[in-house]
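Each remark here refers to the structure printed beneath this line.
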Amino acid sequence: MGKEKEARQLEQREAIRLEREMRRQTDLQRGICRTDGLLVGAPLNELLRIPVVMKQHESIAEANWDDLDKPFRHSDGTLRLALEFCPIYSLNTSLTTSHLDVFVPNEQGIISSRVGMKWIATKECLTELNKVCQKFETKLELFATFADIGVLTERRMDTNPEILIEHENLYRKLLGEICDSGNIGLNFRKLSEIAPISVERNVDQFVISSDGKILDSRPTVEELLPMLGFIEGEIPLNSGRQRNRANVLLSLLDGCNGNIDVLRGLLNTYINYPTTKDCDMHLSVERGGSLCALQVLHSQADSRQIPKLNIIVK
């Protein structure tokens, strides 16, 4: 039975791959390079004008985008790009029903998983950014972070640190190959190796959704912030733009089916570990705009001070 199940999984993965490749080839014939609706094959100055890519949430794009050449004209000739990778989750799972994919032997395993389109978009964006860097005689250097803590799983029995190590090693290998072929510098680290901003917001290696508390009713944003451990003024609500930013948390709470503990773990994972420190640009590839917004939610977030490319995939 085990071999039959494995064979069915392989067939399903191959069917998904073929469907995505067919859709991709159709788009290429029309002169479009896309990732589920997002153009990623254009020069950077065109890429940034696509509304769904830039300013998916009005409150996140606070860097000066007028001088699009500026990030590529550094005195030392290097553009340091921050980018994060989450573990590889099984297809057809959500934030609260997440299961780590235990069968990911190669790149095809990533493509056939829940994060498959994120991986495809990431590779395409790296290719395009590297082309722009070459145009300005600037070297692209990637600061990649694998999220080995704050990992969402539905059940305690699903927690397995060995699977995370396998995912980490696969990402490290594939990124190494991409960077070697494109002459891109690579610094690969784990999220657990980055010093947190606040020890009070440290996260465990796994966040178990079935252990979380489901709220009886949807709170207001004023009620939600204290539940998440924010002190007064830490998430400003003085202007309409600030309130819109804070309302991202309510959207994410809905996405977590009202599970306040899952939201807390997700939030602390995103805002408490400064993955963009000392970088010049941040590439955020997510399956939802609210997750991109999390990284600039906090009033002291590093990523609000540098250009941030938000790529939203399905």
Side-chain angles (χ1 to χ4, degrees), residues 35-36 38 40 80-91 93 95 98-130 140-153 160-182 184-194 196 203 205-207 265-266 268-277 279 281-292 294-295 302-303 308-314:
T35 299
D36 267 31
L38 302 182
V40 293
R80 301 165 189 84
L81 178 71
L83 175 62
E84 298 83 32
F85 293 90
C86 70
I88 304 162
Y89 290 104
S90 299
L91 200 63
T93 58
L95 288 176
S98 295
H99 299 273
L100 292 175
D101 202 325
V102 299
F103 185 68
V104 194
N106 49 37
E107 182 179 22
Q108 187 54 51
I110 300 179
I111 293 173
S112 301
S113 74
R114 191 176 87 190
V115 300
M117 296 309 297
K118 289 178 60 174
W119 174 249
I120 293 171
T122 297
K123 291 202 304 179
E124 292 177 336
C125 287
L126 286 176
T127 298
E128 297 307 318
L129 285 172
N130 198 31
L140 180 62
E141 185 169 2
L142 180 61
F143 285 77
T145 304
F146 175 70
D148 64 326
I149 54 178
V151 178
L152 292 176
T153 56
N160 188 338
E162 296 299 319
I163 295 176
L164 294 179
I165 294 174
E166 292 177 7
H167 292 182
E168 173 199 341
N169 289 338
L170 180 57
Y171 276 128
R172 191 188 298 269
K173 174 181 177 291
L174 295 174
L175 282 174
E177 293 171 354
I178 292 169
C179 291
D180 286 344
S181 64
I184 300 171
L186 175 61
N187 297 274
F188 193 99
R189 67 267 178 96
K190 295 181 290 188
L191 193 62
S192 60
E193 295 172 341
I194 297 176
V203 294
Q205 184 168 32
F206 292 97
V207 176
L266 195 66
N268 291 343
T269 303
Y270 272 75
I271 72 170
N272 198 39
Y273 301 88
T275 59
T276 61
K277 186 177 181 181
C279 289
M281 181 178 284
H282 185 199
L283 175 61
S284 180
V285 184
E286 295 287 359
R287 297 176 71 241
S290 297
L291 293 173
C292 287
L294 267 188
Q295 292 165 318
D302 276 340
S303 54
K308 176 175 167 63
L309 297 180
N310 298 310
I311 308 296
I312 317 298
V313 302
K314 299 297 183 183

Decide side chain to side chain contact (heavy atoms under 4.5 Å, CB included) for I178 and L142; before the verdict, give the C-alpha distance in whole Å, the side-chain angles of both, and the deciding distance to 0.1 Å. CA-CA 11 Å; I178 292 169; L142 180 61; over 6 Å; no

Taking the side chain as C-beta and beyond, is there a heavy-atom pair between L170 and I110 under 4.5 Å? yes

Evaluate the side chain to side chain contact (heavy atoms under 4.5 Å, CB included) criterion for residues T122 and L83: first the C-alpha distance (whole Å), next the side-chain angles of each, then the deciding distance (0.1 Å), finally the verdict. CA-CA 9 Å; T122 297; L83 175 62; 3.5 Å; yes

Is the backbone of G182 close enough, under 3.5 Å, to the side chain of N130 for a donor and an acceptor to pair up by distance? yes

Working to the nearest 0.5 angstrom, can you tell me the gap between K118 NZ and S284 OG? 8.0 Å

Verdict with reasoning, Y270 to E84, per side chain to side chain contact (heavy atoms under 4.5 Å, CB included): CA-CA 10 Å; Y270 272 75; E84 298 83 32; over 6 Å; no

Looking at V203 and G150, what are the two nearest heavy atoms and their distance? CG2-N, 3.8 Å

What residues, two or more places apart in sequence or in another chain, satisfy side-chain hydrogen bond (donor to acceptor under 3.5 Å, both in side chains) together with D148? S192

Going through the distances and angles, do L91 and S113 end up as a side chain to side chain contact (heavy atoms under 4.5 Å, CB included)? CA-CA 5 Å; L91 200 63; S113 74; 5.8 Å; no

Under 3.5 Å donor-acceptor, S112 side chain and G109 backbone: no

Would a 4.5 Å heavy-atom cut-off, applied to side chains only, mark T145 and Y273 as touching? no

Find the distance between CD1 (I88) and CD1 (I111) and round it off to the nearest 0.5 Å. 11.0 Å

Quick one: which residue pairs count as a salt bridge (Lys or Arg N to Asp or Glu O under 4.0 Å) with a foot in residues 165-179, not counting sequence neighbours? E168-R172, K173-E177

Rounded to the nearest 0.5 Å, how far does CG of N187 lie from SG of C179? 9.5 Å

Taking the side chain as C-beta and beyond, is there a heavy-atom pair between F143 and K277 under 4.5 Å? no

Taking the side chain as every heavy atom from C-beta outward, state whether T153 and S98 have any pair of such atoms under 4.5 Å apart. no

Could you tell me which residues satisfy ring pair (Phe, Tyr, Trp, His ring centres under 6.0 Å) with F146, sequence neighbours excluded, listed by chain and number? Y171

Heavy-atom closest pair, residues L191 and A147: CB-CA, 3.9 Å

First locate atom CZ of R80, then atom OG1 of T276, and finally report the distance between them rounded to the nearest 0.5 Å. 13.5 Å

H167 side chain to P87 backbone, donor-acceptor under 3.5 Å: no

Show the nearest heavy-atom pair for residues V207 and G265, with the distance to one decimal. CG2-CA, 4.2 Å

Are the side chains of I184 and L81 in contact, using a 4.5 Å heavy-atom criterion? no

Once ring pair (Phe, Tyr, Trp, His ring centres under 6.0 Å) is applied, do any residues pair with F188, and if so which ones, sequence neighbours excluded? none

In Å, rounded to the nearest 0.5 Å, how long is the span from CG of L100 to CZ of R114? 9.5 Å

With heavy-atom distances below 4.5 Å as the criterion, would you say the side chains of Y89 and L152 are in contact? yes

Residues at least two apart in sequence or cross-chain that pass salt bridge (charged side-chain N to carboxylate O under 4.0 Å, His left out) with E193, listed by chain then number, are none

Residue list, side-chain hydrogen bond (donor to acceptor under 3.5 Å, both in side chains) with N169, at least two apart or on another chain: none

